[in-house]
Number of protein chains: 2
Amino acid sequence: MYAALLAHIARYVTLTPAEAQVVGNYFTCQTVPRKGYLLEAGQPCPASYFVLQGCLRLYFITEKGAEQITQFALENWWLADYSSLLSRQPSEYYIQAVEPTVVAVLDYARQEALLAQVPALERYFRLLLQRVAAANQKRWVHHYGESLEERYQFFSAAFPGFVQRVPQYMLASYLGCTPEFLSKIRAKTSLGEARPGPAAKG
Amino acid sequence: MYAALLAHIARYVTLTPAEAQVVGNYFTCQTVPRKGYLLEAGQPCPASYFVLQGCLRLYFITEKGAEQITQFALENWWLADYSSLLSRQPSEYYIQAVEPTVVAVLDYARQEALLAQVPALERYFRLLLQRVAAANQKRWVHHYGESLEERYQFFSAAFPGFVQRVPQYMLASYLGCTPEFLSKIRAKTSLGEARPGPAAKG
DNA sequence: TGAATTTCTTAATCTAAATTAAGGAAAACG
DNA sequence: CGTTTTCCTTAATTTAGATTAAGAAATTCA
């Protein structure tokens with residue numbers, strides 16, 4: 001059931017079979033349809049989510065009423081609103097499934113009990129969060145060091161296939177521009193690339 | 001010597017006196033003059049730094065040759081290039097002292113040994129990094145959800161005194177605008193505020 | 001399969017913030 | 001203490017990307 005999750009943990013720490021068993025007991029599995037919500041603004045973030053299958057997006061609503069996406073989560077990625085999770089205050093985010101999605105759920109109320117029972121997970125999450133911190137620092141380098149066109153190019157190269165998996169307006173939101181502008185960038189960029197002929201079909 | 005560091009750790013986990021002793025043995029103390037460097041681009045990040053006194057900035061050089069600041073660290077803040085620390089690859093960042101600064105240094109090579117000896121620190125760093133993750137998520141909300149003027153207002157309010165402590169062009173870089181634009185914002189904003197009279201002096 | 005909904009594109013106009021330039025004030029430090 | 005360096009401000013010009021509008025294509029799902 002949680003094979004992917006246990007495999008992910010095994011990348012960082014070694015669990016005994018008994019510990020792996022305990023981990024399995026603390027998680028629940030949840031299926032979310034396309035456009036279904038795991039978190040809506042106003043409620044405290046109830047859990048951390050590990051994506052087993054599918055894709056999630058985390059976004060908030062700006063003053064102007066636009067959806068601003070700040071994170072995606074594909075298979076083997078964790079997603080949560082850490083502020084709300086830690087403070088138990090209402091979240092300002094939405095976590096929504098971009099496609100039909102299956103997640104392993106670590107309920108907030110049970111997290112500390114699990115960590116007490118399986119201390120190796122303290123280390124797992126420490127190592128994981130260190131990588132999250134590293135990724136965040138890099139993200140600011142891309143954000144401030146590169147133009148939108150460069151960021152799009154980098155993103156397409158770094159996550160091949162992902163660009164085909166989410167609507168372009170969502171990618172635009174994540175990259176910090178309008179769909180119109182991303183469309184312009186792509187038109188300019190793909191001039192040299194193979195165009196599908198009139199009869200071709202994806 | 002490391003009273004502030006031990007006090008910070010004590011906010012998250014409880015150490016035995018013996019453990020506190022061990023922690024003290026693993027850190028070294030380093031003094032950096034104003035404009036001195038703890039890390040320069042091209043070298044692997046050698047350690048994590050905990051600021052005991054003073055102020056650090058983390059920045060990189062953009063394609064256009066400008067310094068782009070992405071983080072500051074005041075007293076009781078940790079600072080490191082996590083990417084470089086984890087990968088042992090050359091860093092793209094500089095860590096420089098904004099004022100004469102004293103840091104507690106956790107050398108990369110000794111970090112894992114310390115954590116093995118004092119497992120409670122796995123938890124300390126896990127909890128710390130969870131807060132870092134929360135702060136990072138919030139930072140994107142401010143970045144994308146607010147205008148530069150609002151971000152400046154928020155920042156001044158959230159870190160009173162800090163605005164007076166670093167040069168304005170550094171704050172501008174961190175906030176993501178030019179010094180000229182920040183100057184304009186401040187001129188507009190402070191119209192209603194008390195101006196120092198002609199005879200007044202700081 | 002076919003209507004309804006979502007998504008993508010192009011193009012004209014507009015705007016927030018960058019760039020450039022240059023003078024003046026404040027700190028640093030020898 | 002004074003001089004060198006660093007820092008701040010104002011203003012004219014320019015630009016990257018937003019906004020608005022509208023039609024075309026692709027998906028979804030009943």
Side-chain angles (χ1 to χ4, degrees), chain A residues 33-36 55 57 62-69 96-100 143-153 156 162-191 193 195-202, chain B residues 33-36 54-55 57 62-69 96-101 143-152 156 163-191 193 195-202:
Chain A
R34 188 175 114 96
K35 297 194 176 174
C55 177
R57 65 175 180 139
T62 67
E63 289 170 356
K64 291 177 186 167
E67 291 178 359
Q68 177 61 53
I69 298 174
Q96 188 190 41
V98 174
E99 11 174 301
H143 187 82
Y144 281 130
E146 296 168 7
S147 69
L148 264 163
E149 186 166 344
E150 288 169 314
R151 279 187 267 160
Y152 170 73
Q153 294 304 338
S156 323
F162 184 67
V163 172
Q164 277 73 257
R165 215 166 147 184
V166 306
Q168 228 153 86
Y169 74 90
M170 288 193 190
L171 199 54
S173 172
Y174 175 82
L175 292 174
C177 69
T178 56
E180 291 84 357
F181 191 66
L182 185 56
S183 182
K184 195 184 287 183
I185 284 173
R186 296 188 74 236
K188 178 165 54 167
T189 296
S190 61
L191 283 182
E193 291 173 23
R195 276 156 296 171
K201 181 158 173 286
Chain B
R34 189 174 112 94
K35 296 194 177 175
C55 178
R57 65 175 179 139
T62 67
E63 289 169 357
K64 291 177 186 167
E67 291 178 0
Q68 177 62 53
I69 298 173
Q96 189 190 40
V98 174
E99 11 175 300
T101 298
H143 186 82
Y144 281 129
E146 296 168 8
S147 68
L148 265 163
E149 187 166 344
E150 287 169 313
R151 279 188 268 160
Y152 170 74
S156 322
V163 172
Q164 277 74 256
R165 214 166 148 183
V166 304
Q168 227 151 86
Y169 75 89
M170 288 193 189
L171 198 54
S173 172
Y174 176 81
L175 292 173
C177 69
T178 56
E180 292 83 359
F181 190 66
L182 185 55
S183 182
K184 196 183 284 182
I185 285 173
R186 296 187 74 238
K188 177 165 55 165
T189 296
S190 60
L191 284 182
E193 292 174 22
R195 275 155 297 169
K201 179 150 176 293

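Throughout, a chain's letter reflects where its sequence line sits, starting with A, and its residues are numbered from 1. The structure displayed is predicted, hence computed values, not measured ones.
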CG of A:L182 versus P of D:dA18: gap in Å, rounded?
-> 10 Å
Which comes earlier along DNA chain D counting from the 5' end, the contact point of B:E180 or that of B:R34, where each point is its nearest nucleotide?
-> B:R34
Atom CG of A:L171 to atom P of C:dT9: distance rounded to whole Å?
-> 12 Å
What's the CD-P distance between A:Q164 and D:dT27, to the nearest Å?
-> 12 Å
Rounded to the nearest 0.5 Å, what separation is found between the CZ atom of A:R186 and the OG atom of A:S156?
-> 8.0 Å
Note: for B:K35 and B:P179 on DNA chain D, the residue whose nearest nucleotide lies more 5' is B:K35
B:Q168 vs D:dT6: side-chain N/O to OP1/OP2 distance below 4.0 Å | no
Just how far is it from atom CE of A:M170 to atom CG of A:L182, taken to the nearest 0.5 Å?
-> 13.5 Å
Below 4.0 Å: OP1/OP2 of C:dT9 and any side-chain N or O of A:R186 | yes
How many Å lie between CD1 on B:I185 and C1' on C:dA18, as a whole number?
-> 13 Å
A:K35 backbone acceptor or donor facing A:Q96 side chain under 3.5 Å = yes
Mind calculating the distance between CD (A:E149) and P (D:dG17) to the nearest angstrom?
-> 9 Å
Spacing of B:K64 atom NZ relative to D:dA16 atom P, expressed in whole Å | 8 Å
What is the minimum heavy-atom distance between A:F162 and A:C55, and which atoms define it?
-> CE1-SG, 4.1 Å
Quick one: is B:K184 getting a side-chain N or O under 4.0 Å of the C:dA16 phosphate, OP1 or OP2?
-> no
Check B:E180, B:E149, B:R151 against B:I185 for a side chain to side chain contact (heavy atoms under 4.5 Å, CB included) and give me the one that passes.
-> B:E149
Let me know the distance between CD of B:Q96 and C1' of D:dT6, rounded to the nearest Å.
-> 13 Å
Roughly how many Å is it from CD in A:E99 to C1' in D:dT27, rounded to a whole number?
-> 14 Å
Is the shortest side-chain N/O distance from A:T178 to OP1 or OP2 of D:dA18 below 4.0 Å?
-> yes
